[in-house]
There are 2 protein chains.
Amino acid sequence: MTSSTPEYIPNLSYDSVIFGFSGEKLKILILEYHNMKTYALPGGFVKTNEALDDAVKRGLTERTGLDKIYLEQFHTFGSMHRFKPEIMKRIMEEQGDIEEKDHWLLGRFITVGYYALINYKNVTPKPDFLSDSIEWYDLDQLPELMMDHREIIEKALEHLRIHLDHKLLSFNLLPEKFTMKELQQVYEAILGESLNRANFQRKMLSLNILKRHDKLYTGGSHKAPFLYSFKKP
Amino acid sequence: MTSSTPEYIPNLSYDSVIFGFSGEKLKILILEYHNMKTYALPGGFVKTNEALDDAVKRGLTERTGLDKIYLEQFHTFGSMHRFKPEIMKRIMEEQGDIEEKDHWLLGRFITVGYYALINYKNVTPKPDFLSDSIEWYDLDQLPELMMDHREIIEKALEHLRIHLDHKLLSFNLLPEKFTMKELQQVYEAILGESLNRANFQRKMLSLNILKRHDKLYTGGSHKAPFLYSFKKP
DNA sequence: CCAAAAGTGTTCCTATTACACCCATGC
DNA sequence: GCATGGGTGTAATAGGAACACTTTTGG
């Protein structure tokens, strides 16, 4: 790509915080650059003729194989502390891109933060051309991340916790049908605290967003729970 | 400015929604471009070596004369529907800037939205070099705005309403000392609804963020109200 | 004394919380 | 029958909303 007709908007990127849920713990998708021991959030760039939201969706699909993911924008990070060109330079050198001195990737970047919440088990993350691996990490066992990516995750989590009630419908975190206990586990994993079973049940039902289906017989020695699904609007 | 060493980040702008309060109504600062009947939010661009937040503060100070304003970022707008180069072209032609065909200002822009809430009376807005006038407009009497600026205002207002309790402390909308009635008028103007006086008083006091001072004798034939100020943390 | 605005009190209602109880199921 | 997990009931509490009452002030 030449600088006269750039394919991507310079100095602007996005980073996505992909939350995944395994049944008990909340995890985050982190990638590692080739031989660098450099861990980062999956991010990317916006084409000059592409909507911001579309760019983020495109990047996420390329990296997770998942389509039709609900993404929520939460903050744009524009501090000059983000400017660490050495890191990107090393990454590019590993790639063999060493020619250009003022390559656009070495510029200063303002990044738009997005987050998504998906069902862990539906995803087979695939590393892209820049990265060595892409893996799920427990929230409390994150590796050291490049630049301000740790801060980006904290801010994403804060937003997720505040807007949980309104946003959970849109995220496909649970299977089509699920039990009340599973739903509660999602809430507890995200909020990081345990909730009262009886009150949680009542509150969820009072929101009038759940449809009750037949009971689920698991073979366990206890009462069979109802299955629920989200009412589609 | 030449394209080889750009002063500003291309394709990225900010727009600021400046809410002002006059004592009864909420107003917004809108500027008009020279002889264009084109109304817009005050916005600007980010220098390549400047923090995003700093750029927004700089622009606001240039246009309002006010310093140390608390600004809150709320959303980044990146749709391709924003791309209307004709408008900017006409503005530049009015200015006499007609030479460059692919000038950076004619590109597609992703814009970061910020809002602020200030005391209307402390401000003497000054038009910048591009604009003819800069005026306060009532929320319900806005002129037709360029591009998606109307949508940006709606989204700012939504954020302001939701986060009012947490953010009012940081905004210098009221004088140092104010009465409970003045505080209530701010809330009512922002929320767009009237509130019960007795309950509002109790709720505000229960938040434990107000310091009570001496009474204010206005000369009105009624009980003198207490003055309050926000407790500084 | 009256009107206007401010401060405080009372009542009602709803949402939240903690805990208890009973039911279904497989061993 | 009994342990386990699931559904529902109940009492105590907190918070909000609606309204009434009283106090202060200047005319």
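Naming convention: chains lettered A, B, ... in sequence-line order (proteins, then strands); numbering from 1 in each chain.
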**Request:** Sequence neighbours left out, what passes salt bridge (Lys or Arg N to Asp or Glu O under 4.0 Å) with B:Glu182? Give chain and number order.
**Result:** none

**Request:** Please say which of A:Ile30, A:Leu29, A:Leu31 ends up in a side chain to side chain contact (heavy atoms under 4.5 Å, CB included) with A:Pro125.
**Result:** A:Leu29

**Message:** Run the side-chain hydrogen bond (donor to acceptor under 3.5 Å, both in side chains) test against B:Ser13 and tell me which residues pass, sequence neighbours left out.
**Reply:** B:Thr111

**Asked** Of A:Thr218 and B:Pro225, whose nearest nucleotide on DNA chain C comes first from the 5' end?
**Response** B:Pro225

**Request:** Using the ring pair (Phe, Tyr, Trp, His ring centres under 6.0 Å) rule, collect all pairs that involve residues 172-214 of chain A, keeping only residues at least two apart or in two chains.
**Result:** A:Phe178-A:Phe230, A:Tyr187-A:Phe200

**Prompt:** Nearest heavy-atom pair of B:Gly59 and B:Tyr14: which atoms, and what distance?
**Reply:** CA-OH, 3.1 Å

**Prompt:** Do B:Arg108 side-chain atoms and B:Ser79 backbone N/O form a donor-acceptor pair below 3.5 Å?
**Reply:** no

**Request:** Evaluate whether atom CG of A:Asp214 has more than 12 neighbouring non-hydrogen atoms of other residues, nucleotides or ligands under 6.0 angstrom away.
**Result:** no

**Request:** May I ask you to check whether A:Glu135 and A:Tyr137 show a side-chain donor-acceptor distance below 3.5 Å?
**Result:** no

**A:Lys211, NZ: over 12 other non-hydrogen atoms inside 6.0 angstrom** = no

**Fill in**
Within residues 177-193 of chain B, those residues having any heavy atom closer than 4.0 Å to DNA chain D are none

**Message:** Using a 3.5 Å distance criterion without hydrogens, assess whether the side chain of A:Ser16 forms a donor-acceptor pair with backbone atoms of A:Pro42.
**Reply:** yes

**Message:** Could you work out, with side-chain contact (heavy atoms from CB on, under 4.5 Å) as the rule, every residue matching B:Asp54, not counting sequence neighbours?
**Reply:** B:Glu50, B:Ala51, B:Lys57

**Fill in**
Only residue of B:Tyr115, B:Tyr114, B:Trp136 satisfying side chain to side chain contact (heavy atoms under 4.5 Å, CB included) with B:Ile18 is B:Trp136

Contact list (N/O, under 3.5 angstrom) for nucleotides 22-25 of chain C vs protein:
from: C:dA24; atom 1: N3; to: A:Lys223; atom 2: N; distance (Å): 3.1
from: C:dT25; atom 1: OP1; to: A:Tyr217; atom 2: OH; distance (Å): 2.7
from: C:dT25; atom 1: O4'; to: A:His222; atom 2: O; distance (Å): 3.1
from: C:dT25; atom 1: O2; to: A:Ser221; atom 2: O; distance (Å): 3.0
from: C:dT25; atom 1: O2; to: A:His222; atom 2: N; distance (Å): 3.0

**Request:** Could you list where the contact with chain A starts and ends along DNA chain D, reading 5' to 3', using a 4.0 Å heavy-atom cut-off?
**Result:** D:dA3 to D:dT10

Give every donor-acceptor pair under 3.5 Å between a side-chain atom in residues 145-155 of chain B and any protein atom, sequence neighbours left out.
from: B:Asp148; atom 1: OD1; to: B:Arg82; atom 2: NE; distance (Å): 3.3
from: B:Asp148; atom 1: OD1; to: B:Arg82; atom 2: NH2; distance (Å): 3.0
from: B:Asp148; atom 1: OD2; to: B:Arg82; atom 2: NE; distance (Å): 2.7
from: B:His149; atom 1: ND1; to: B:Leu41; atom 2: N; distance (Å): 3.0
from: B:Arg150; atom 1: NE; to: B:Glu154; atom 2: OE2; distance (Å): 3.4

**Prompt:** Looking at residues at least two apart in the chain, or sitting in another chain, which of them share a ring pair (Phe, Tyr, Trp, His ring centres under 6.0 Å) with B:His75?
**Reply:** B:Phe77

**Item:** Bend angle of the helix from C:dC1-D:dG27 to C:dC27-D:dG1, end axes from five pairs each (to 10°)
**Value:** 20°

Could you pull out all donor-acceptor pairs under 3.5 Å where a side-chain atom in residues 189-198 of chain B meets a protein atom, sequence neighbours excluded?
from: B:Asn196; atom 1: OD1; to: B:Ala198; atom 2: N; distance (Å): 3.0
from: B:Asn196; atom 1: OD1; to: B:Asn199; atom 2: N; distance (Å): 2.9

**Request:** Within residues 194-204 of chain B, find the residues that approach DNA chain C with a heavy atom at under 4.0 Å, and present them sorted by residue number.
**Result:** B:Arg197, B:Ala198, B:Gln201, B:Arg202

